[in-house]
Structure formats: C-alpha cells, structure tokens
Amino acid sequence: MNDIVSSKTLAAALSEAAICAEDFARMRDANLARWPTGAAIDFDEAVAHHKALPQKKQLAEAMRRAHAERRCLTQPRGGFATLAMQKELMQALDRDGLADIVPTTTDSYTRNEQFAAAQKGVDESERLGRSLLNGFPVVNYGLAACRELIASIDKPAILLTGTSMPKLTAEIGFAAGYTGYLGSGIAYTTSYIKELSIADGIRNYQYLDRLAALYAEHGVELHRRQPGFLTGTNIPPCIAIAIAVLDCLLAAAQGVRHYGLELAQTLHLVQDAAAIAACESLAQEYLAKKGYHDVFTPITSLHWMGAWPRDDAQSATLVSYGGTLAAIGGATSVTTKTTHEAYGIPTPQANAEGLRITRMAIYLARGIRLAGLPEYETEKALIGREVRAILDKVLEMGDGDVAVGSVRAFEAGVLDVPWSPNRHVKSRVMPARDARGYLRIFDPGNLPLPRDVMEVHAEGLRERAANEGIAFDRELAIRSVYELSEPLSKLLPD
Amino acid sequence: MNDIVSSKTLAAALSEAAICAEDFARMRDANLARWPTGAAIDFDEAVAHHKALPQKKQLAEAMRRAHAERRCLTQPRGGFATLAMQKELMQALDRDGLADIVPTTTDSYTRNEQFAAAQKGVDESERLGRSLLNGFPVVNYGLAACRELIASIDKPAILLTGTSMPKLTAEIGFAAGYTGYLGSGIAYTTSYIKELSIADGIRNYQYLDRLAALYAEHGVELHRRQPGFLTGTNIPPCIAIAIAVLDCLLAAAQGVRHYGLELAQTLHLVQDAAAIAACESLAQEYLAKKGYHDVFTPITSLHWMGAWPRDDAQSATLVSYGGTLAAIGGATSVTTKTTHEAYGIPTPQANAEGLRITRMAIYLARGIRLAGLPEYETEKALIGREVRAILDKVLEMGDGDVAVGSVRAFEAGVLDVPWSPNRHVKSRVMPARDARGYLRIFDPGNLPLPRDVMEVHAEGLRERAANEGIAFDRELAIRSVYELSEPLSKLLPD
Amino acid sequence: MNGAPPSAARRFTLVTGVIGADTHIVGNRILSMALEEAGYRVVQLGALTPAGDFIKAAVETAADAILVSSLYGQGELDCRGFRDLCVEAGLDDILLYVGGNLVVGKQPWEDIEKRFLDMGFDRAFPPGTRVDDALAALAADFASRTAHAGEP
Amino acid sequence: MNGAPPSAARRFTLVTGVIGADTHIVGNRILSMALEEAGYRVVQLGALTPAGDFIKAAVETAADAILVSSLYGQGELDCRGFRDLCVEAGLDDILLYVGGNLVVGKQPWEDIEKRFLDMGFDRAFPPGTRVDDALAALAADFASRTAHAGEP
Ligand code: B12
Ligand code: B12
C-alpha cells in the first residue's frame, strides 16, 4: 500500500528525464497490483474506448476550441460517497448547472490511498443515506462504475483528486474515459500531505504524465492540468506561476503536450487579469527555453480559494465576481464554488446555482479585456520579473534539471509556499493583502525576489498597516487570511 | 385635484426663470389646500426640524462626503401600503441591508394624485394583512407618520416618487425630514404619464426645485436627484445624459445647488464607466455655459432597469455585477434591485440581500478604475460628441431658454425617448444591443446625431444581426428588450 | 411568430391596454404589435387606462376580446369587477385575458391565477409571458368559439 | 487577544492537530499560535494526524486538553470512539474540544453539535469559529475545573 516505498525502489536517482518504456511497464504492473480493481485495466481496450467517445465528451478538444474562440468554460467540483449519489450530482451539474466540464472529486481517504477506510465510508453512507465522504472513491468502485458515471452525462468529465499519490486513481480514471486529470507533483505535494518529500511527489506525477503521454502516443489526447491553488490561502501570482511552470516543464519532459495551468483568483480585477496573461506567456517562454514548442497551455481561473464569508449574499458575490474575473482575464475555463462554501460540500442544487451565477457573469463580461490599461501593464511586467527571478534561480540550482532544481530550491526556501502542511516546505513566505486590494508578499523568506520589487510589495502593505493602525508584522498576514470571510459590517461599515 | 389645470392657471408662459417669491407663495397655498394633510405643513417649523436632524440623517452631507472619499453608497427602493409594513421594511433595509440611504417609494395612485384610491388600497391592505399598493401613500398618511418612519432608522431617508405631479408629496416629504427627493420634470414626464405635456411636467418640478432652493436659502441643503432611467428600457447613455443635463439646468435656474444625476446601467463595463464619467463632466460643462459654477452633481448608477431573468441565479449576478459597475465607474451611489425583480416587489429580506450582494461587490472593486484604457477613452469621447450634438441643438431651439428649448425639441423629436407611454414624446428612436454588448441606437428618429457617430452605432448592430442571422430591422430592438431576461440556455448555450 | 388567427374569413378585433395608473407600456406595445402582425385588428389604448375605457372601446369596436395588461402590482385592485362592467355594457361573453405582474410581490402563480379567474377573466398569464404563448391561447379560444358558434 | 489562562501559577498543556487524512492546517496553525501567545504550552501535531497520535502525545506530555481540528468533512468518521481511546489510555477526564467543518455538507449546527457531544467531546465549535471564542471557552473550563479541583 505504501506509495512512498514503491516509488523510491522503482525510481533511483531523481531527474526530469522521461521514464523509459521498460521501467514504466514494470512500474505499471506493480501499481495496478496494489488493489483488486487495478486488475481490470487493459490499456489497449482503454485507448479504443477513448476513440469511441463522442467529441462532446473529449476535454482536450473542448479546451482547444474554447481557447481558440476565447470562450470561458465553466466547471464545478463535486464528489459524494456512493455511485447513486455521484450520478445524481453529475447529472444535476450537467443539466441544471449547464456545466461545460463535469467533475468527479475523489474523497480524502482515496487521496491518501486508504482504500479500506474509503470502503467503510461508502458502507456508512449507504447505511445512513447521506454521504460521509467528501468525494467519490474511484479506486474502490473501479472501472465499470466510472464508465457508468461518464455515460450518464453529455459533457467531458474530469477527475479532481487532490493528492500526491495519484497513480492508481489515474490508471482507473483514464481507462474509464475521464479525458481530464487535475494534479501535479510539486503543487499537490506542498498542499495535500505532511510527510511525503517533494522528490517523491514529483516521481508520482512523472508516472501520471508518462501515462498521459502514452495515451497521446496512441492517438488519445488528454487534458492534463496543474492545480495552481497550492494551499489556496493568499498565494501571490508569482509563487503560483513559478510552480505551475515547473510542473509544466516536468510534464513536458514526460511527453505531455496538452497541459492546463490553474490560477487561484486574488479577487483583484487588475492583478488577476495580469496574472492570467503573464502565466500563459511565461509558461511558453520557459517551454521554449527547454526546447518545447508545441505544448498547449490554457489557463483555468479558480474562484476564491481562501476562507469564505458565512453570509449567502456575500458568497453569491464572490461566485459572481469569480466569473467576471475569469472572463475579463481571458481564462479558458473557470472552476466554480457556491454559497455553501463556508459551511460544507454543496448540495447538487447549490452547486448548479453557483455554475449559473458564474455563467451569467461570463456572459455579461463578454469581449471585455484590460490590455492597454496602464495599471494592468505595470502589474503584468511586475509579475514577469518576479517569476523569472525565481525560475532562473531554480533552473540554475538544478544545473538545468527541473526536478533536481525544484527539490533543492524547496530545501533552500528559494521555492516556498505559504501555510503548507508539508514539513519539506519552509513556509516562511508570508503573503498579505495591501491597501488597494492587491495580494502582496509581506515576508519573502528566501524567495529570490529583487529588492525593488519587494519595495513595491512593502509599500502597499505599509499603507494598509497605517490605515488600520496595526503594526507592520505577521498580524497583517493573519488578518488577510480572515479578511474575505468577515461580515460586511466589518469589511465596509456604513 | 387635477394638477394640470392648477399649474396651467398659475404659470402663464413657460420659461426657465425662477418662480418669483409672491407667485410661489400663492402656488404653495393652492397646492397645500388640495388635500387635508397639506394643512399640517409649516415651513419654518420644517426648517427647524431639519436643523435638529443628526448629521447621519442628512443625505446632502452624506453624498458630499462619499463623493470626496470616492465611496459608493448603497440605496434600495421600497414601499408598502401601511405604516407598520413600511416601518418594518425601512428598518430591515437599514439594519439587515446596511443601506447607506433608506428609501420610501410612493404607490402609483399617490403618484397620479388619486388619493382616494390610495386610501382604498391602504384599507384593503390592512384588511388582508398584505400590501396591495406598490408603495407608501405619503400624502394620505401625512407629516406625523412620515416623521415616525424617519425616526425609526439611523440613515438619511429619500423619497422615490416616480411621478410628474410631485408637488403635494414633496411638501409633506420635505417637511417630514426626508433629505432627498428623486424626480424631475422632463424625465418623469416621458416615462410615467400618458397625457401630461412636457411643459406641465417641467412646471411641476420647477415648483419642487424652487421649494428645495427655499430650504437652502434657510440653511437646509437637500439632495435633489434626477431620475436618469427614463423608461428603463435600453436607454443609450447619450439620451439619458442629455435629459439629465437639461433637468439639471432647469433645477439650477430655480436655485438648486445640489443635484444628483442618475444613469441606468447598460451592463457593459466600459460603456457604463465611460457614461458615468462623461455625465458628470458634461453636466459641469453646460452648467458653466449657463453661468452656474457652484452646483454639486454626484452620479448615481442604477442596477439594470430593463427586463430581468426569472432565474434567481441569473438575477443574483445582475445584482452583484451592478455593484461592480457602479464602483468601478466611480458612481457616488448605486440603487439596487433584487432576485425578485422579474416577479414582484421584493420582501424586506430579499431587498436587504440585494443590498448586501451589492455592498460586497463594491468592496471587492475598491480602487479599480478604467481611466487610460483605450476603449474606455474612445467611448467617453463618443458619448461627449453625441450629447453635445443634442444639447447644442436644444439650446438653440429655445433661443437660450432650456424649458422652451426642451418642449420644442420633444415636439420635433430632437429630444426623444424609446418606449415612452407619453403621447407628447415621439418615441421614434430605437435602441438595441450590439455584438460586443454595447447599447447602441438602431434608428435615431430625429435625434441630431452626427453621421459618423451613427456609423459607429450601426457597425456593431450590423455585426449582431449577421451573427444571429436576422434582418437589420426593428427585430433587433425588440430582441434587445428581452435579451437579459432570457434563460442562460439561450444566452450562452453549452 | 406562429399562432395566426384560425379563420382568415373573419377578422377578430382585440382591445389592448395597461389598466389603472400603470405606466408599463413596453410589453403591452410589443404584444400589440405582434397581434397586428398575426392579423388581428388591434385597438391600442396604451398605458394608464381606466377600466371603463376598455369597455367603452370594446363596445364601440364590437371587439371579440379584451387583453388587459397590469405590471405594477395594483392590478389586483384595478381589475376587481371588470367582468361585471362588461356584462353591464352588454359584453356578456367577450373573451377576457389579463397578464403581467398582476399582484404585489412574488406570490405563488396558482394563487394569483385563481384570484383573477374568480374575477371573471377567461385566462391569466404569469410574469414574463412571451407573445407566442398569448397568440397560441387566442388562436385556440377563437377556434373553439367559432366551432361552438352554431350551438344554442 | 483576550482570555488568558486563569492561573498564572500552573501552565496548562494543550495538544492540537488536524485529525485523519485532513490537510487543512491554516486554521489549526493560527489557533495554535494564538494559544501559545495566550500562555498555554501547545503541542502541535499538524495536519493529517491519526487519532492515536493525539492520545500518544497527550499521555507523553500529560496534557490538560486535546483540541481536534477537522475541516474536510470526514471528521464524523475520524472522531468516532475518540473518547474511548482516551479512556483506554487513562486520560479519563481530559478536556476534549473539536472544531471546524465537522461533517459533510451544510447541516444544522444543533444536529452536528449533538453528534459530537455524544461522541464524548466536551465542546464542539462550528465552522469559522474565531480564536477568541476558543480561548474564552478554555479559560472558562479550566477555571471551573481548578475551582472544583479539591472536591472528591
Ligand atoms: C421597465 C420597467 C419599468 C419602467 C417602465 C417603462 C415604461 N413606461 O414602460 C419604469 C422604470 C418607468 C418602471 C416604473 C415602475 N415600476 Co417597473 N418594471 C420594469 C421592469 C424592470 C421590466 C418591465 C418590462 O418592460 N418588461 C419587458 C416586457 C417585454 O415584458 P412585460 O412587461 O412583462 O410584458 C410581457 C408579458 O408580461 C406579457 N404580457 C403583458 N401584459 C399582458 C397581457 C396579456 C393579456 C397577455 C396574454 C400577456 C401580457 O407579454 C409581454 C410581452 O412579452 C419590471 C421587472 C421585470 N419584469 O424585470 C418592473 C416592474 C414591473 N415594475 C414594478 C414597479 C413596482 C414599478 C413602479 C411602481 C416603481 C416602483 N414602485 O418601484 C413604477 C411604476 C409607476 C407606475 N405608475 O406604473 C414592479 C411591479 C411589482 C409587482 N407587480 O409586485 C416590477 C415587477 C419590478 C419589481 N419586482 O418591483 N418600471
Ligand atoms: C483553504 C481551503 C483548502 C486548502 C487547504 C490548505 C491547507 N493545507 O490548509 C486546500 C485548497 C488545499 C483545500 C483542500 C481541500 N478542501 Co478545503 N477548504 C479551504 C477553505 C476555502 C478555507 C479553510 C481555511 O483555511 N479557513 C481559514 C481558517 C483560519 O479557518 P478554519 O480553517 O475554519 O479554522 C478556524 C475555525 O474553524 C476554528 N477551528 C478550527 N479547528 C478548530 C478546533 C477547535 C478545537 C476549535 C475550538 C476551533 C477550531 O479556529 C480556526 C481559526 O479561526 C474551506 C472553506 C471555507 N471555510 O471557506 C474549504 C473546505 C474546508 N474544504 C473542503 C474540502 C472538501 C476540501 C477537499 C477535500 C477538496 C474537495 N473535495 O473539494 C480538500 C482536502 C483534501 C484533504 N485531504 O484534506 C470543504 C469541507 C466540506 C465539508 N466539511 O463538508 C470546505 C468546507 C469547502 C466546501 N464547502 O466544500 N481546502
């Protein structure tokens, strides 16, 4: 069961290099043998199944079309414990929510490969008639059940499996006909696990990306996607983008040519639009540096990932504004939340409502772009300088190897993620929101950000500290964690 | 009872000139004698009452402060038939909605001075325990009841009385301590009545503005406001602004020095921001031309005034986006709607929710402005050219007299309002929404718009006709009336 | 738009208007335009029309139906006794429709509809009704009436 | 922040952590920092902590209370039998708090609270609880416990 061991034994020295065919074949056999449902996987049959899927269920194709037409697709999150509940949910999201992409979120036991615990969760949920799991246990249910889910909707399906141990879930999911998979080695390892090393997280996703590339080699293009939200807690664009680019380069090295990049919204219109534009161009810039000229990198914007208010009205605004930010920013898709966010996993109805609120906002913002707005151009340039400063240092530390460089950079704090549960991440960097609503860095830790750039960050933060009459210290960062969850009477007193 | 007669007899030839003191005294006596509750009005006592009001209840002051601090205040609409219902409503808007300005909307019988019918509405509402009137009958209840309402809240109160016959309502409202009054002679006469002439509508509001000026002479500054929404149905900025400026010049001539201007949202971020900025600068430009250099003209942005969707989710987005548009546009206040809009007058709870959704949107958009965005600057310049073309022609037609010019301009269709119920308005102008979401003019009727400007309008409209494969005719205008009320499955099919 | 009148032979006359002190003319005007396009003879009374004026116009034009619009919420007061006025004027079985936002506030449609049918309207139409639905209803009702015309 | 521990004399020890496979560390970390600032000795187990580890740490550090965080919804499964584990380990009446988004979905707080009190927790805290509320509760509970310390 323990994935850390298996990956250690299989992959000796860490490197970005593509896993060679023989090793990969051996790794796949070992992996599929870890749980009974793995036995049902037949790669050639899976490829045939994908080729038989109608175009409207192929996410890679849908993302390419939306990108070309400058449309913004909608996608929620959603997972329940039992097949019946999950099917009802996915159908509601498809029909009542008009979702363009329908998700299957896995539960947290599955994410940590505690399949026995997941089974208990399924049984208890059946017994009590309500879901006790926060997602759908894909591995326990296996191939046939997943195909039943996908057959019950008219849209492409994506697997959302926040985990640094995706190997079994991915094999079953891809074979079942999921055409999208969210997850990456660096991002998820910094936010979803405590003990696993960055190196092992990277190894696990090299497996996944290699698998996606294998499907591509057989004529099946899948939508791989990097989870840019990290800990979802006030991640400044430069940190999200730097890690997104690194995960992207690692995937490209395994042969992936379709790799979406996510960015959590900062909720500042100008900063988010600038970040979305900067992310795509920086990804292409570094892909080119490494010699990749044919990787498709659409951007997905994520509704506010930090703490939500407990007032439905305030939450409705975060949902609606989230659609506005994604559309004006030019994202190719947006991942939606709901008015239930502060409380619990939404009902299918609340989830569909969040999709419709967002879709209406996208309609209203059609055609609006900020290119040419002085403040926007300045912010975009600032983000570019920040990201390059970090990435160039990482590549240098790895002597050109992205995997090695990333591991060393985390050890040195040159790569850092705020509020990480992972003990291999320094988490010294401290973000905070400034007086004008920009998400800035209060304490960079060891991030190699130029002094003058940090001056820009400090300025707005000092202004806020002054406005609120508080010290220029950690309190700024903590207040910023709570800020958006505060009642209006505190945010904007009358 | 018939106001048309009374105003005719009192004011001989129409002119913009201020009503002289003697005439005004006689007009007031005649007016107050029209209904029993008029007898309670004592001007000096009323002035003393205003001076005793706490600052937090003075709207003129609140608007000046908000304008200086670049804040956007929130204000709903709201009126029910009985005193008890109205008090409960105003308290809910104040406390649960955090409204910065609390409204009292009058019912439609009162608006048409059918006070006996209004009384029946009150009695029936008492009997059935629910409101059968769409507003509060201020005249029937009179001075004391209105003071009781204002005493029950902690904010400034404004009277919303969509009518071209405001004289009795205004006397009672001002005396009761309402510090704001929405309404104007040209705007309301084009949208709220069928038979009354533009001239008589102007006369009725000359009375009201003269009264507001009289309070000012006695040291009580009131917030007068022009209702820019007209028929609320796809009013292009140039028409709304031209009429707002004319109503403003008429008020200034009566001595008013605090006059807010409203603009209904087009729901296009760039067009709305440009319109708000253009409206304030054009008002000041023409005030200066007429020699007024000390009139305060804050802008109020109005949530979508056309047909609403019947889906709560879509409506929530219109409410939220309405806050975004007002804040980014730099409006000094925003008038809010609710998710009940397509169905009926909202409950106090739904109304308060609309306020909170909007307030959160204002918070999120703080500090964001579009100045410098090329598309914004172009649109602002376009609006300026359109408005000047109309206004210069109107002033010319009146030989410099705004009142006379306005009446003649409506007769000639040089001033025109789409979808007007008033038979003195040509209503030949036909607006429609173009392919990029801009509200444009499909058929200008006799509006004196430059040919090259109309070319800009026609271009985007032709593009839409082409996109939707329909003829470039009236159908475009009718579709645009329904557009925002259509279900998402039609607006943005998946 | 579909739902043209059943018999081209005979041209039906309709009276339209917005009742009471109600200024909402947009929907009523679009509806009236659509009715004309569909071949009906339409007498448009416009906004702010007293109940009595509808009856007067219907008598003068020997109208086959009256289509009352009420959007502003006070229709519940304005429409009371409308059928009685018709009967008094000898329009005993003239077809009566009412539509719009008929009452104050968001109330269950079933309740609203019942209230107006009880007032003697043959049909009531909920908020946001599209013209095609109105046309279809008229076509159906006139068709059945012509069919039963001969009967006692 | 208010609510400092009642007796400066004796320093209370608290064990904190996020139970089960739950990665939500932010709130738990802020809470732990606040508890330290308030003068408590805090043993932080961090995210993804099995129930057993809480008990082990509490025994080793002779803790006065265990503060369990659960945000991800599966706390209802993870927390079952938590009190029994304490009793087995001889921590019969150690103070047990649980807080966060304890169950899957938006359920009435009364139901959720009852479920966790029945599991043997002394207090349960709803979504979005602020640290001051946690500090106040601890101060109150320790005060009454010290007061009744002498009693049989
Ligand atoms: C535009 C508008 C206005 C404009 C009207 C301009 C004009 N002169 O026409 C302005 C801004 C002036 C206005 C004023 C007021 N309005 Co208004 N207005 C609206 C709004 C936003 C859209 C109406 C519209 O034009 N819809 C588009 C047209 C095409 O659709 P329609 O009118 O519904 O008509 C269609 C159908 O109803 C149907 N239909 C209509 N009549 C009939 C009749 C028959 C027989 C049939 C078969 C079908 C049918 O066919 C039409 C075509 O498809 C509605 C809310 C909404 N619907 O979103 C509120 C609304 C109608 N207004 C309302 C109110 C209360 C007012 C005011 C009293 C102000 C106030 N207190 O807030 C004043 C009215 C004063 C007066 N004396 O009448 C309320 C009514 C509340 C209620 N019933 O409980 C509404 C519902 C908004 C709300 N939720 O509060 N309004
Ligand atoms: C940030 C966040 C994340 C981040 C977490 C980053 C990290 N490593 O910490 C990321 C993006 C990684 C994440 C992941 C997931 N999340 Co999450 N997440 C949130 C979010 C948006 C904010 C949480 C937060 O940090 N709040 C701010 C802190 C300061 O507040 P707090 O955590 O509530 O803690 C305070 C109080 O609760 C209290 N408190 C907490 N514990 C205790 C204990 C005691 C004894 C006391 C007295 C008080 C107390 O004091 C704290 C300080 O004030 C919440 C929703 C929300 N609240 O808005 C969802 C939420 C908690 N997540 C949720 C879920 C389901 C997940 C996922 C399973 C993914 C999924 N299926 O969608 C994964 C978890 C995977 C796993 N193995 O755990 C759900 C839980 C649903 C439920 N309970 O029904 C929530 C509620 C969102 C939702 N409505 O769906 N998430």
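All heavy atoms count here, side chains included; hydrogens, waters and symmetry mates do not. Being a predicted model, the structure only gives us computed values, none of them experimental.
- By a heavy-atom distance cut of under 4.5 Å, C:Leu45, C:Gly46, C:Ala47, C:Leu48, C:Thr49 are the residues of residues 43-53 of chain C near chain B, going up by number.
- Taken from CD1 in C:Ile30 to CH2 in B:Trp419, the straight-line distance is 4.0 Å, to the nearest 0.5 Å.
- When all heavy atoms of B:Ser191 and C:Thr23 are compared, the closest pair comes out as O-OG1, 2.6 Å.
- If you tally non-hydrogen atom pairs under 4.5 Å between each of B:Lys194, B:Glu124, B:Lys120 and chain C, the highest count goes to B:Lys194.
- Using a 4.5 Å cut-off between heavy atoms, B:Arg111 does not touch chain C at all.
- Atom CD of B:Gln114 sits about 9.0 Å away from atom CD of C:Gln74, to the nearest 0.5 Å.
- The CG atom of B:Asn422 sits 11.5 Å away from the CD1 atom of C:Ile25 when rounded to the nearest 0.5 Å.
- Comparing B:Asp107, B:Thr233, B:Leu133 by how many heavy-atom pairs each has under 4.5 Å with chain C, the most go to B:Leu133.
- Residue with the most contacts toward chain C among B:Ile345, B:Val481, B:Asn134, B:Ile193: B:Asn134 (heavy-atom pairs, distance under 4.5 Å).
- Counting heavy-atom pairs under 4.5 Å between each of B:Tyr109, B:Tyr192, B:Tyr482, B:Trp308 and chain C puts B:Tyr109 at the top.
- C:Arg130 contributes atom CZ, which lies 4.0 Å from atom OG of B:Ser485 (distance to the nearest 0.5 angstrom).
- C:Arg29 CZ to B:Ile478 CD1: the interatomic distance, rounded to the nearest 0.5 Å, is 11.0 Å.
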(request) Could you walk me through whether B:Arg474 and C:Met33 pass side chain to side chain contact (heavy atoms under 4.5 Å, CB included), step by step? (result) CA-CA 11 Å; B:Arg474 198 180 60 182; C:Met33 296 188 306; 3.4 Å; yes
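- C:Asn101 approaches B:Gly344 most closely through the heavy-atom pair ND2-N, 4.4 Å.
- Of the atoms belonging to B:Ser420, it is backbone heavy atoms, and not side-chain ones, that fall under 4.5 Å from chain C.
- No part of B:Ser125 comes within reach of chain C, as not one of its non-hydrogen atoms sits under 4.5 angstrom from that chain.
- When C:Pro127, C:Gly73, C:Gly105 are compared by the number of non-hydrogen pairs under 4.5 Å with chain B, C:Gly105 comes out ahead.
- In this structure, the separation between NZ on C:Lys106 and OG1 on B:Thr338 is 8.5 Å, given to the nearest 0.5 Å.
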